[in-house]
Visitor: 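I'd like to ask you about the structure that follows.
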Number of protein chains: 2
Amino acid sequence: MADDVEAVAERVFTAIADPSRRAVLAALAAHGPATVTELADRLPITRQAVAKHLALLTEAGLVAAGPPEGRRVRYGLRSAPMQVAQRFLASLARDWDGRLQALQDHLTREAEDR
Amino acid sequence: MADDVEAVAERVFTAIADPSRRAVLAALAAHGPATVTELADRLPITRQAVAKHLALLTEAGLVAAGPPEGRRVRYGLRSAPMQVAQRFLASLARDWDGRLQALQDHLTREAEDR
DNA sequence: TAGAGTCGCAACCAGAAGGTTGCGAGCATT
DNA sequence: AATGCTCGCAACCTTCTGGTTGCGACTCTA
C-alpha cells in the first residue's frame with residue numbers, strides 16, 4: 001500500500017507546502033467541516049481548484065470525506081498523518097545533529113593531531 | 001526579510017518534499033560535508049542538478065556553504081530550520097485537535113438536544 | 001605552460017502543477 | 001414539470017520544476 005513513514009511524510013510535505021492548500025486546511029480548522037462549494041466561497045479560487053486540492057489532501061490522509069448527507073459531501077480534518085510527519089522531521093534532525101557532532105569531534109581530533 | 005515562521009516552514013517543506021533533495025541531504029548526513037561534484041558522483045543526477053538543489057536548500061537554510069578552501073566549496077547541514085518546521089507542524093496539529101474536540105462537543109450537544 | 005579537474009552561468013526541454021472554463025447529471029424546492 | 005442548487009468529469013492553458021547539455025573561467029599540479 002506504500003504507506004511507510006517516508007511515503008506518508010512526503011505526501012504530507014508536498015500537501016502543506018502549497019499556500020492554497022494551507023488556506024483550505026486553515027478554513028477547515030477555523031469553521032469546522034465544510035463542503036467543496038462552501039470552501040470555494042471563502043477562498044479566492046474556483047470550486048474545481050478546491051476539489052483538486054481536496055483530492056490531494058485526501059490522498060495524503062490530512063482530510064477525509066464525511067458520511068454523505070444526501071448529495072452534499074463534507075470534508076473534515078485528520079491530524080494523524082501530521083504526527084507521522086512530525087516524527088519523521090524529528091528523526092531527521094536527530095540524525096543530522098548526531099552527524100554534526102561526529103564531524104565536530106573529527107575536526108577537533110584533526111586539529112589536535114596537528 | 002520574510003523569515004517568519006510560516007515562510008521558513010514553507011521553504012523547508014518544499015525543500016524536503018523532493019526525493020532528489022532528500023537524497024542530497026541523506027548523502028550529506030551520511031558522509032559529512034561535501035562538494036558539488038562529490039555529491040553528483042554519489043547521486044544519479046548531474047552536477048548542475050545538484051547545484052540547483054543546493055541553491056534551493058541554501059535558500060531554505062537547511063544547508064550552508066562552508067569557508068572556501070581554494071576553489072572548492074563544501075556544503076554542510078544546518079538543522080535549525082527543521083526545528084522551526086517541527087514547531088510549525090506541532091502548532092498546526094494542536095489547532096486541529098482543538099477544533100476537532102470543539103466539533104465533537106458541538107455534535108454531542110446537538111445529539112443531546114434532539 | 002599545458003593539462004586536468006572544478007565551478008558558475010545560460011539556454012533549452014519535457015513533464016508536472018495550479019487554475020480556469022465548459023459541460024452533463026443528480027437532488028431538491030416550488 | 002421546471003427551476004436552482006451542487007457535484008464530478010474532461011479539456012485546456014500557463015507557469016513552475018527537475019533535469020540535461022554546452023560553454024567559458026578559474027585553480028592546481030606535473
Side-chain angles (χ1 to χ4, degrees), chain A residues 2 6-28 31-76 85, chain B residues 2 6-7 9-28 31-76:
Chain A
E6 176 152 359
V8 173
E10 167 161 351
R11 288 191 225 119
V12 170
F13 292 145
T14 61
I16 64 182
D18 183 75
S20 301
R21 237 121 53 193
R22 282 202 307 275
V24 170
L25 295 175
L28 287 178
H31 302 82
T35 69
V36 185
T37 42
E38 284 171 354
L39 289 171
D41 284 343
R42 293 204 193 94
L43 302 174
I45 55 178
T46 327
R47 180 175 57 89
Q48 279 77 355
V50 174
K52 286 189 183 180
H53 286 309
L54 281 178
L56 202 152
L57 289 170
T58 303
E59 184 75 14
L62 291 172
V63 140
E69 322 166 4
R71 180 155 185 78
R72 307 174 69 94
V73 179
R74 305 193 90 82
Y75 289 86
Chain B
E6 175 151 359
E10 167 160 350
R11 288 191 225 118
V12 171
F13 291 146
T14 61
I16 64 182
D18 183 76
S20 301
R21 237 120 53 193
R22 283 202 306 276
V24 170
L25 295 175
L28 286 178
H31 301 80
T35 70
V36 186
T37 42
E38 285 172 355
L39 290 171
D41 285 343
R42 293 203 192 95
L43 301 174
I45 56 179
T46 327
R47 180 177 57 88
Q48 279 76 355
V50 174
K52 285 189 183 180
H53 287 309
L54 280 178
L56 202 151
L57 289 169
T58 303
E59 185 76 14
L62 291 172
V63 140
E69 322 168 4
R71 181 156 184 79
R72 305 174 69 94
V73 180
R74 305 194 88 84
Y75 289 86

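Order of the sequence lines sets the chain letters (A, B, ...), proteins ahead of strands, with each chain counted from 1.
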Visitor: Would you say C:dG18 has OP1 or OP2 under 4.0 Å from some side-chain N or O of A:Arg21?
Guide: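 Looking at the OP1 and OP2 atoms of C:dG18, one of them is under 4.0 Å from a side-chain N or O of A:Arg21.
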Visitor: What's the closest nucleotide to the A:Arg72 side chain, out of C:dT20, D:dC7, C:dG8?
Guide: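 Nearest listed nucleotide: D:dC7.
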Visitor: Can you tell me whether the side chain of A:Gln48 and the base of C:dG18 have a donor-acceptor pair closer than 3.5 Å?
Guide: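 No.
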Visitor: Taking atom C1' of C:dC9 as reference, at what distance in whole Å does atom CG of B:Leu54 sit?
Guide: 16 Å
Visitor: Taking all heavy atoms of A:Ala34 and all of A:Leu28, pick out the closest pair and write down the distance.
Guide: N-CD2, 3.8 Å
Visitor: From CZ of B:Arg74 over to P of C:dT6, roughly how many Å is that when rounded to an integer?
Guide: 12 Å
Visitor: To the nearest Å, how far apart are B:Leu43 CG and D:dT20 P?
Guide: 11 Å
Visitor: Of the listed nucleotides (D:dG8, D:dT20, C:dG19), which one gets closest to any side-chain atom of A:Ile45?
Guide: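 Per side-chain heavy atoms of A:Ile45, the pick is C:dG19.
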Visitor: About how many Å separate OG1 of A:Thr35 and CZ of A:Arg74, when rounded to the nearest 0.5 Å?
Guide: 6.0 Å
Visitor: Looking at D:dC7, C:dG8, D:dG19, which one has an atom nearest to any side-chain atom of A:Thr35?
Guide: D:dC7
Visitor: Does a side-chain N or O of A:His53 approach OP1 or OP2 of C:dG19 to a distance below 4.0 Å, or not?
Guide: yes
Visitor: May I ask you to decide if B:Ile16's main-chain N or O and B:Arg21's side chain share a donor-acceptor pair within less than 3.5 Å?
Guide: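 No, because the side chain of B:Arg21 does not come within donor-acceptor range (under 3.5 Å) of the backbone of B:Ile16.
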Visitor: Does this structure show an ion pair linking B:Arg47 with B:Glu38, if we count only N-O contacts that are shorter than 4.0 Å?
Guide: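 A salt bridge is absent here (no side-chain N lies under 4.0 Å from a carboxylate O).
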Visitor: B:Arg11 has an atom CZ; how far is it from atom P of D:dT17, in whole Å?
Guide: 14 Å
Visitor: Side chains of B:Leu25 and B:Val63: closer than 4.5 Å at any heavy-atom pair?
Guide: yes
Visitor: What integer distance in Å separates A:Leu39:CG from D:dC7:P?
Guide: 10 Å
Visitor: Using whole Å, what does the distance between atom P of nucleotide C:dG5 and atom CD of B:Glu38 come to?
Guide: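 Taking atom P of C:dG5 as the reference, CD of B:Glu38 is at 15 Å.
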Visitor: To the nearest Å, give me how far apart CD (A:Glu10) and P (C:dA16) are.
Guide: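 So the CD-P distance, A:Glu10 to C:dA16, works out to 14 Å.
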Visitor: Starting from C1' on C:dA17, measure out to NZ on A:Lys52 and report it in whole angstrom.
Guide: 8 Å
Visitor: Using only side-chain N and O atoms of A:Thr37, determine if any of them is under 4.0 Å from OP1 or OP2 of D:dC7.
Guide: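 For D:dC7, OP1/OP2 do have a side-chain N/O of A:Thr37 under 4.0 Å.
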Visitor: Kindly point out which of C:dG8, D:dG8, C:dG18 is positioned nearest to the side chain of B:Arg47?
Guide: C:dG8
